[in-house]
Chemist: 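Pasting a structure here, questions to come.
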Amino acid sequence: MNLFVFNSLSGEKELFKPIVEGRVGMYVCGPTVYYDAHLGNCRTFISFDVIYRYLMHLGYKVRYIRNITDVGHLLDDGEDRMMKGARLEQLQPMEVAQKYSNGFHDMMRLFNALPPSIEPRATGHIIEQIEMVADILKRGYAYEKNGSVYFDTLKFIKDGNPYGKLSGRIVEDLLSESRDDLKNQDEKNHPSDFALWIRASDEHIMRWNSPWSVGFPGWHLECSAMSTKYLGERFDIHGGGNDLKFPHHENEIAQNMGACGTAPANYWFHTNMLLLNSKKMSKSDGNTISPTELITGNSVHTSKAYSPMVWRFFTLQAHYRSTLDITDDSLQAAEKAYRRLMESMRILKNMQLDFAKESAAKDETISSLIAQMYQDMNDDFNVPKTLASVFELCTIINSVKDGHISAQSISELKWKELITHLEQFVFDIFGLKDENDNNDSNTIDQLMKLVIELRKTARENKDWSSSDKIRDVLKEAGIQLKDGKDGTEWMHVN
RNA sequence: GGUCGGGUGGCCGAGUGGCUAGGCUCAGCUCUGCAAAAGCUGCUACAGCGGUUCGAAUCCGCUCUCGACCUCCA
């Protein structure tokens, strides 16, 4: 089975073929840790988490690098993001970085995103970045001005390099459009040039020695340096949010080619934006919900709290290259769907029935749905489409449980296959967890057994007022009873 | 202004030139002491106008409209 992926470089779906067979090197641009991550960030990293998980499921040995940006990210007024965070909170820049890195990690754990293989920090790779600047200078694609070093986009373009290819920019436009602004560009030869190394002003506290000045690296440089260090000059996948395409990723490509003559990645993946009120969720303009606000329900945008797995499920319902708009209604729909899915997974795991010994009538349907799931995932990780098959399988599971489909119409072998594949998809690939696992507390389990037993007696005596009271009070306590053919079951509800 | 991507049923959200997306909601039915859950059935959509085609939501053109990027952003 072949995996096809959408490559931003070509704008087309391409057959995925790693450089080294059986191995994948993947670099994803991580967060800048000067402020709490918002849900838009989380969506991106959940998207790449599913990609990472699926690649591993296919048997690839994946080296997944996701950096942490803790220096070199300038604001409009030239202030470093880390320094701005530090100034506002009266902390050391490194305290700011640590604090928000911790918070970011907590969120990723909460949303069940696997940690990357390596999570390098920009400040931990100053030497590598300085070396890369030197390489670029040596090859003639950068120039020094007053202790700062800039990338020479004009020369890069003149030499026939593909500047603008990734972001679909037209070179002539890049060169001509901003000519009027030229006089306002202090040290740069050309407005489209960008900083590789920046000389630190006196009050700039994040600073390192370099051959050119005491200063700090430009924002784009860290990813070039760290991807090269851990994945080599050429690797398989480079990912990030759509909004990083230009200038960040474009400049990264330029830096890599400037330093070693090779474009870094064969495949570029870009995730689309999370919207709130039909507008891009963004830290800088305040249109955000934080993970904490979502989970606690403490937001003007939502009517109630939504659990981390509901959020994860919510993001799975849209393709990673589509925008996804947050609304309270759609979150509630996701919550119900998620619960239904988990309920079916529980049924699947626990059902003991007399399945057919030989292949049977429903086997074919189950097989084709499983095949469909792989087909859809192999089509550029189409998770929402895969989910459609998953829910069709849920209907089959529930029907078998309720006796609408006879266990004799499914072979034992096929049922086992169903369990294996569905659990792999739901838990291993989609990374969902059952938040309503009744086995997590033995005490409650014992108590519930007793209560259900007492209620059963009441029901046998047709003492409906007692049995209803038990059910109502439990409901208020967040436990839903469900009377079925084979006794009473219970589950947590919010 | 330039570049790019959208506009799908009550809501969210997939999608292929002809074949059921799926989830949620709503209505009816089955099951049930009543609930809840589950199953079944129904609610037959593709911004507008042209064109290509035996046939288009899917291809082309135009119009309207929304959004992203254009050196802060996942």
Side-chain angles (χ1 to χ4, degrees), chain A residues 11 28-32 35 37-48 73-77 79 81 84 164 167-170 173-174 177-178 191-195 219-220 239-248 250-251 270-275 278-285 313-314 317-319 321-341 343-344 347 372 376 379 382-392 394-395 397-399 401-405 459 462 464 467-468 471-472 475 480-485 488-489 491 493:
Chain A
V28 171
C29 290
T32 304
Y35 195 69
H38 62 72
L39 281 174
N41 301 313
C42 295
R43 183 202 177 189
T44 294
F45 300 124
I46 290 171
S47 294
F48 281 110
H73 212 158
L74 294 179
L75 298 167
D76 284 343
D77 58 6
E79 188 173 23
R81 285 189 178 278
K84 183 178 183 188
S167 53
R169 238 134 281 244
I170 299 158
D173 290 353
L174 281 170
E177 246 176 35
S178 37
S192 65
D193 293 351
F194 55 92
W219 169 39
H220 314 298
N242 224 340
D243 48 0
L244 296 182
K245 248 192 209 171
F246 190 89
H248 184 58
E250 203 67 73
N251 289 350
H270 287 98
T271 58
N272 217 132
M273 297 294 103
L274 182 69
L275 309 182
S278 301
K279 287 257 160 50
K280 176 184 171 185
M281 190 175 280
S282 163
K283 272 190 268 231
S284 44
D285 63 17
F313 181 86
F314 178 76
Q317 286 183 300
H319 191 265
R321 284 192 289 115
S322 300
T323 53
L324 174 60
D325 202 351
I326 280 201
T327 63
D328 200 53
D329 283 348
S330 55
L331 281 168
Q332 287 192 26
E335 180 172 60
K336 294 205 170 156
Y338 162 73
R339 290 212 174 127
R340 175 155 175 249
L341 174 58
E343 179 69 11
S344 293
I347 291 167
Q372 189 66 45
D376 292 333
D379 182 16
N382 196 330
V383 177
K385 197 149 184 267
T386 309
L387 227 32
S389 299
V390 169
F391 274 100
E392 295 206 33
C394 286
T395 301
I397 293 165
N398 294 335
S399 293
K401 189 212 173 204
D402 288 355
H404 297 122
I405 292 177
R459 293 178 73 213
K462 299 210 187 305
W464 307 125
S467 71
D468 286 356
R471 189 173 61 199
D472 293 346
K475 179 92 190 274
Q480 172 76 55
L481 291 186
K482 293 190 291 186
D483 297 327
K485 270 200 168 73
T488 301
E489 293 169 8
M491 62 184 289
V493 287

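Chain letters run A, B, ... following the sequence lines, proteins first, then strands; residues in each count from 1. Everything numeric in this text was worked out from a predicted model, so none of it was measured.
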Chemist: Could you pull out all residues at least two apart from F48(A) that satisfy ring-ring contact (aromatic ring centres under 6.0 Å, His included)?
Modeler: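 By the ring-ring contact (aromatic ring centres under 6.0 Å, His included) rule, F48(A) matches no residue at all.
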Chemist: Name the pairs: protein N/O against N/O of nucleotides 64-67 of chain B, kept only if under 3.5 Å.
Modeler:
unit_1  : atom_1 : unit_2  : atom_2 : d
rG67(B) : OP1    : K279(A) : NZ     : 3.1

Chemist: Looking across every strand, which nucleic acid part, if any, lies under 4.0 Å from K336(A) by heavy atom: base, sugar-phosphate, or nothing?
Modeler: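 Since only primed, P, OP1 and OP2 atoms lie under 4.0 Å of K336(A), the category is sugar-phosphate.
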Chemist: Would you classify D325(A) as touching base, sugar-phosphate or nothing, given that sugar-phosphate means primed atoms plus P, OP1 and OP2, and contacts are heavy atoms under 4.0 Å?
Modeler: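 If one applies the 4.0 Å heavy-atom cut-off, D325(A) turns out to touch the sugar-phosphate alone, with no base involved.
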Chemist: What pairs with Q372(A) under side-chain contact (heavy atoms from CB on, under 4.5 Å), at least two apart in sequence or on another chain?
Modeler: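 Partners of Q372(A) under the side-chain contact (heavy atoms from CB on, under 4.5 Å) test: Q375(A), D376(A), K385(A), S389(A).
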Chemist: Between rA14(B), rA74(B), rA36(B), which one does the side chain of L274(A) approach most closely?
Modeler: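 My answer, after comparing the listed nucleotides, is rA74(B).
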Chemist: Looking at every strand, decide which applies to E392(A) at a 4.0 Å heavy-atom threshold: base, sugar-phosphate, or nothing.
Modeler: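 Sugar-phosphate contact only - E392(A) comes under 4.0 Å of backbone atoms but never of a base.
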Chemist: Where the side chain of L244(A) is defined as all heavy atoms beyond and including C-beta, which of rG23(B), rA74(B), rC12(B) is the nearest nucleotide?
Modeler: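 My answer, after comparing the listed nucleotides, is rA74(B).
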Chemist: Looking at residues at least two apart in the chain, or sitting in another chain, which of them share a side-chain hydrogen bond (donor to acceptor under 3.5 Å, both in side chains) with D325(A)?
Modeler: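 Only S278(A) meet the side-chain hydrogen bond (donor to acceptor under 3.5 Å, both in side chains) criterion with D325(A).
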Chemist: State whether the side chain of Q317(A) and the backbone N or O of A334(A) hold a donor-acceptor pair below 3.5 Å, judged by distance alone.
Modeler: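 The answer is no, because no donor-acceptor pair under 3.5 Å joins these two groups.
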Chemist: Over all strands shown, is T44(A) touching base, sugar-phosphate only, or nothing at heavy-atom distances under 4.0 angstrom?
Modeler: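 Base, at least one base heavy atom under 4.0 Å.
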Chemist: Report the residues that fulfil side-chain hydrogen bond (donor to acceptor under 3.5 Å, both in side chains) with N398(A), sequence neighbours left out, ordered by chain and then residue number.
Modeler: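 N398(A): side-chain hydrogen bond (donor to acceptor under 3.5 Å, both in side chains) contacts with S344(A).
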Chemist: Both distances under 3.5 Å, Watson-Crick or G-U wobble: on that basis, could you give the dot-bracket string for RNA chain B, with [ ] for crossing pairs and | for other-strand partners?
Modeler: (((((((..(((.....[...))).(((((.......)))))....(((((..]....))))))))))))....
Chemist: Identify, with sequence neighbours excluded, every residue that meets ring-ring contact (aromatic ring centres under 6.0 Å, His included) alongside H248(A).
Modeler: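 Here the qualifying residues are W219(A), H220(A).
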Chemist: Which one, rG13(B), rA74(B), rU71(B), comes nearest to the side chain of T32(A)?
Modeler: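 Of rG13(B), rA74(B), rU71(B), rA74(B) is nearest to the side chain of T32(A).
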Chemist: Counting side-chain heavy atoms from C-beta on, which of rA35(B), rG23(B), rA74(B) comes nearest to R471(A)?
Modeler: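 Among the listed nucleotides, the one closest to the side chain of R471(A) is rA35(B).
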Chemist: Could you work out, with side-chain hydrogen bond (donor to acceptor under 3.5 Å, both in side chains) as the rule, every residue matching D328(A), not counting sequence neighbours?
Modeler: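 By the side-chain hydrogen bond (donor to acceptor under 3.5 Å, both in side chains) rule, D328(A) matches S303(A), Y306(A), Q332(A).
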Chemist: For the side chain of N41(A), counting heavy atoms from C-beta on, which of rG2(B), rG22(B), rA74(B) is nearest?
Modeler: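 Taking heavy atoms from C-beta onward, the closest nucleotide is rA74(B).
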Chemist: Remember a base hit wins even if backbone is also touched, and classify L481(A) as base, sugar-phosphate or nothing at under 4.0 Å, heavy atoms.
Modeler: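 Base: the residue L481(A), judged by heavy atoms under 4.0 Å, touches a nucleobase.
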Chemist: Output all residues satisfying side-chain contact (heavy atoms from CB on, under 4.5 Å) with A318(A), sequence neighbours left out; order by chain, then residue number.
Modeler: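 A318(A): side-chain contact (heavy atoms from CB on, under 4.5 Å) contacts with R43(A), L324(A).
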Chemist: Measuring to OP1 and OP2 of rC11(B), would you say a side-chain N or O of T327(A) lies under 4.0 angstrom away?
Modeler: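 No, outside the criterion.
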Chemist: Check every atom of rA14(B), rU71(B), rG23(B) against the side chain of F391(A) and return the nucleotide holding the closest atom.
Modeler: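 Per side-chain heavy atoms of F391(A), the pick is rG23(B).
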Chemist: Taking the side chain of D483(A) as heavy atoms from C-beta outward, which of rA74(B), rC34(B), rA14(B) is closest to it?
Modeler: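 It is rC34(B).
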Chemist: Would you please name every residue forming a side-chain hydrogen bond (donor to acceptor under 3.5 Å, both in side chains) with K245(A), sequence neighbours left out?
Modeler: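 Partners of K245(A) by the side-chain hydrogen bond (donor to acceptor under 3.5 Å, both in side chains) criterion come out as none, since no residue qualifies.
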Chemist: With sequence neighbours excluded, tell me which residues meet ring-ring contact (aromatic ring centres under 6.0 Å, His included) with F313(A).
Modeler: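 Result, ring-ring contact (aromatic ring centres under 6.0 Å, His included) vs F313(A): none returned.
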Chemist: OP1 or OP2 of rC69(B) less than 4.0 angstrom from a side-chain nitrogen or oxygen of N242(A), does that happen here?
Modeler: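 Answer no for this pair, as no side-chain N or O of N242(A) is under 4.0 Å from OP1 or OP2.
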Chemist: Distances under 3.5 Å only, N/O to N/O: pair up the protein atoms with those of nucleotides 39-45 of chain B.
Modeler:
unit_1  : atom_1 : unit_2  : atom_2 : d
rG39(B) : OP1    : R340(A) : NH2    : 3.0
rG39(B) : OP1    : N398(A) : ND2    : 3.3
rG39(B) : O4'    : H404(A) : ND1    : 3.4

Chemist: When we call it a touch if two heavy atoms are under 4.0 Å apart, what does F194(A) touch: a base, just sugar-phosphate, or nothing?
Modeler: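 Contact class for F194(A): none.
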Chemist: Given rU71(B), rA74(B), rA21(B), identify the nucleotide with an atom nearest to the side chain of A388(A).
Modeler: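 For the A388(A) side chain, the nearest candidate turns out to be rA21(B).
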